[in-house]
Amino acid sequence: MTIGSTSAAKRDGAAQYDAVIIGAGFSGMYQLHLLRDRLGLNARVIERGDGVGGTWYWNRYPGARCDSESHSYSYYFSDELLKEWEWSERYPQQPEIVRYLNFVADKLDLKRDIQFDTTVTGAVYDEKANLWRVSTDDGETVSAKYLITAVGCLSSANVPDIPGRDTFKGKWYHTGQWPHEGVDFTGKRVGQIGTGSTGIQAVPVIAETAKHLTVFQRTANYSIPAQNHPLSAEFKAWAKENIDEIRQTMRASTNGHPFLINERKVFDVSAEERRKIYEKAWEVGGLRFRASFNDLLLDKAANDTAADFLKSKIGEIVKDPETAKNLAAIDHPFATKRPPIDTGYFEAYNRDNVSLVNLRDTPIVEITENGVKTTDGEYELDIIVFATGFDAMTGSLLKLGIVGRDGVTLNKAWEAGPRTYLGIQAAGFPNMFTITGPGSPSVLCNMPVAIEQHVEWVADCIETMEKDGIDRIEPTEEAVTGWVDHVNEVANATLLPQAGHSWYLGANVPGKPRVFMPYAGGMARFRGICDEVAEKGYEGFVLSRDKADSQAEAVNA
Ligand code: NA7
């Protein structure tokens with residue numbers, strides 16, 4: 001087994017590591033911990049930001065908060081970490097999450113092996129040397145046997161190329177690239193484009209200080225109150241005393257949350273009972289609403305009952321009938337796009353300083369130097385907030401400049417859409433692992449649960465390779481094709497692909513291939529499949545050793 005040294009070996013003047021990990025969010029940090037501290041490998045993390053946090057490092061917009069409940073939005077690999085850390089609210093705010101990740105990084109002494117403020121500009125597989133050559137914007141190139149991309153699913157900002165954007169005389173910001181010093185909205189006329197999870201969180205907070213906030217809505221969205229609150233001393237104690245049980249629930253659940261989806265079906269109960277169930281779920285709040293019945297994502301008629309309930313709530317909350325009508329004009333089944341949860345979103349439209357523009361009726365024509373012009377007229381603005389989401393799941397990967405075997409780029413290999421085996425590896429890119437990549441549950445799951453599973457699977461795989469003297473691992477084309485088919489099959493068995501404009505399908509980015517990217521078969525099932533693949537000697541992968549004449553020889557074919 002290769003035992004890592006504390007500093008990188010130098011070959012041809014360049015630092016050589018066992019593993020290079022790109023990104024220092026939840027995934028990259030844990031991957032570093034396992035490779036360095038469990039396997040004894042020499043691993044280096046390269047991170048663009050000047051601190052840990054990944055997605056949470058960048059998403060500092062007003063109201064930024066996690067939609068997973070805080071006691072489940074933690075690393076569960078260490079009881080010690082769980083016992084030492086204390087979350088303050090049901091849903092953690094962005095600064096608290098960054099504090100948590102710094103606590104973990106310090107506790108595990110991770111920062112000494114993270115190179116901050118450094119952007120990867122290319123990662124090229126050198127077949128002869130069986131090394132990844134990773135170049136960065138500081139002009140350096142390092143190499144490693146293993147390349148692990150831990151770049152997150154939602155970290156490549158999608159700033160729409162609306163004509164005239166650069167002529168705007170005011171300031172504009174994307175929520176995912178928010179200035180660290182914050183933005184003062186006091187006395188400002190603000191326009192916000194986008195009403196996804198981010199936009200829905202931002203509206204009530206921006207409205208508190210802006211002179212006026214105009215929300216430009218393209219697709220109306222469901223939202224469920226988060227019912228956020230400070231955590232009681234009793235709850236905090238309960239969470240620490242029941243770590244095993246919570247871990248078990250999250251592992252058994254479809255979406256990695258600390259609650260299970262109810263077994264009953266929508267039409268098993270009377271209309272009156274259903275209404276009561278939905279009312280109760282509304283009061284409990286958050287993503288638990290989705291767990292009220294087990295067929296909400298399988299049966300359109302069942303889904304309609306939830307959709308109608310949620311639309312009726314908008315009508316009850318929003319006083320202006322025209323605004324209420326536009327907010328409730330939702331065109332997709334409930335939860336087929338990521339369902340937002342909010343704190344005072346619909347209520348914000350009852351303020352005198354908030355108004356809604358329905359872009360379906362009056363689309364944006366251009367951005368002018370003064371503001372946003374729709375077919376209905378010009379809205380004069382001082383600040384535009386783009387809450388327009390991300391080039392999700394593949395955007396950040398494709399920006400890395402990855403080149404695999406025979407000079408084939410990842411962009412070329414994925415030009416018709418991402419193709420992976422288990423979301424972990426792509427054919428033609430030996431020893432490259434993607435954490436929560438397309439084809440894995442990732443964004444359909446409470447992310448830390450998906451991340452821990454992937455990171456641990458990758459660490460186990462690398463451990464096996466090092467022990468057995470394996471030089472490379474790579475999936476077969478057949479395994480990749482089989483997995484892509486399976487990902488489509490399980491998605492098509494649900495209503496999820498019915499939201500034709502969802503980022504799950506890549507439909508929010510012009511020109512992006514429309515492929516349902518996350519694995520919709522459930523986290524627990526996915527974990528079982530991955531475990532079985534490993535138990536069967538990495539079925540679907542080719543593991544090979546170099547022979548003396550440097551030709552590769554498959555060892556598990
Ligand atoms: P989302 O969910 O992709 O939402 C982006 C929003 O921006 C959505 O309402 C889009 O409308 C809108 N949008 C995007 N481009 C445009 C243009 N060109 N014109 C008008 N409106 C536009 O991103 P979020 O950041 O809110 O959430 C991402 C995830 O982060 C979330 O699901 C959680 O998992 C955490 P559209 O629906 O495309 O018509």
Side-chain angles (χ1 to χ4, degrees), residues 1-5 9 11 16-21 31 34-44 123-134 143-150 402-408 410 413 419-435 437 439-440 453-486 526-557:
M1 178 162 179
T2 311
I3 302 297
S5 54
R11 299 258 167 89
Q16 186 175 318
Y17 298 91
D18 298 315
V20 164
I21 301 162
Q31 194 73 74
L34 287 190
L35 296 188
R36 187 192 68 182
D37 302 332
R38 197 185 91 195
L39 273 58
L41 296 184
N42 190 354
R44 183 73 164 170
V124 180
Y125 178 63
D126 175 341
E127 187 164 5
K128 208 155 158 234
N130 190 33
L131 287 173
W132 282 92
R133 311 256 182 219
V134 180
S143 56
K145 176 175 174 184
Y146 302 105
L147 175 69
I148 295 130
T149 66
I402 294 171
V403 184
R405 191 193 293 289
D406 301 327
V408 176
L410 190 65
R419 289 177 53 75
T420 70
Y421 182 40
L422 307 174
I424 291 176
Q425 276 211 318
F429 300 84
N431 296 349
M432 182 183 96
F433 298 92
T434 50
I435 305 302
S440 77
Q453 185 272 343
H454 255 188
V455 166
E456 287 164 8
W457 193 96
V458 169
D460 290 348
C461 173
I462 290 178
E463 187 172 28
T464 303
M465 290 176 67
E466 293 299 306
K467 275 190 185 141
D468 295 351
I470 304 292
D471 291 302
R472 62 186 73 67
I473 182 170
E474 177 182 359
T476 64
E477 266 299 340
E478 297 73 46
V480 171
T481 301
W483 187 251
V484 170
D485 289 348
H486 178 60
F526 179 78
R527 184 190 299 276
I529 295 171
C530 291
D531 288 349
E532 200 183 324
V533 164
E535 278 156 22
K536 288 186 174 165
Y538 294 94
E539 190 176 45
F541 292 95
V542 175
L543 278 64
S544 58
R545 275 190 206 110
D546 284 337
K547 291 196 289 187
D549 60 4
S550 86
Q551 293 294 303
E553 178 185 42
V555 293
N556 70 331

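Just so it is clear, the structure is predicted and the values come from calculations on it, not from any experiment.
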Is there a side-chain contact between I473 and C461 (heavy atoms, below 4.5 Å)?
yes
Value for CD1 (I402) from OG1 (T149), rounded to nearest 0.5 Å, stands at 6.0 Å
Verdict with supporting geometry, I148 and I462, side-chain contact (heavy atoms from CB on, under 4.5 Å)
CA-CA 11 Å; I148 295 130; I462 290 178; 4.2 Å; yes
Between CG of N556 and OG1 of T464, what distance do you get to the nearest 0.5 Å?
11.5 Å
Looking only at heavy atoms, the pair that brings W457 and L422 closest together is CZ2-CD1, 4.4 Å
What class does the angle between the rings of F541 and Y538 fall in, given that below 30° is parallel, 30 to 60° is tilted and above 60° is perpendicular?
perpendicular
Taking all heavy atoms of I21 and all of A43, pick out the closest pair and write down the distance.
CD1-CB, 4.3 Å
Restricting to non-hydrogen atoms, name the atom on D468 and the atom on R545 that form the minimum distance, rounded to 0.1 Å.
O-NH2, 3.0 Å
G428 backbone acceptor or donor facing E474 side chain under 3.5 Å
yes
How about R44 and V134: do any of their side-chain heavy atoms sit closer than 4.5 Å?
no
Going from CG on D460 to CG on L39, what distance comes out if it is rounded to the nearest 0.5 angstrom?
8.0 Å
Supply the atom-to-atom distance D406 CG to Y125 OH, rounded to the nearest 0.5 angstrom.
10.0 Å
Evaluate W132 against V20 for side-chain contact (heavy atoms from CB on, under 4.5 Å), listing each step before the verdict.
CA-CA 9 Å; W132 282 92; V20 164; over 6 Å; no
Where the side chain of Q425 meets the backbone of M432, is there a donor-acceptor pair that is under 3.5 Å apart?
yes
If you compare all heavy atoms of A123 against all heavy atoms of L147, which two are closest, and at what distance to 0.1 Å?
CB-CD2, 3.8 Å
Kindly determine whether D18 and L35 satisfy side-chain contact (heavy atoms from CB on, under 4.5 Å), including the steps that lead there.
CA-CA 9 Å; D18 298 315; L35 296 188; over 6 Å; no
With a 4.5 Å limit on heavy-atom distance, are the side chains of Y421 and V533 in contact?
yes
Which atom pair, heavy atoms only, marks the closest approach of G540 to A479?
O-CB, 3.3 Å
Classify the angle between the aromatic ring planes of Y146 and F433 as parallel (below 30°), tilted (30 to 60°) or perpendicular (above 60°).
tilted
To the nearest 0.5 angstrom, please state how far the CD1 atom of I424 sits from the NE2 atom of H454.
4.0 Å
Atom of A413, atom of R419 and distance for their closest heavy-atom approach:
O-CD, 4.2 Å
Could you tell me whether D546 and K128 make a salt bridge, using a distance below 4.0 angstrom between a side-chain N and a carboxylate O?
no
If I take atom CG from residue N130 and atom CZ from residue R472, how far apart are they, to the nearest 0.5 angstrom?
4.0 Å
Any side-chain to backbone donor/acceptor pair from N431 onto D471? Under 3.5 Å, distance only.
yes
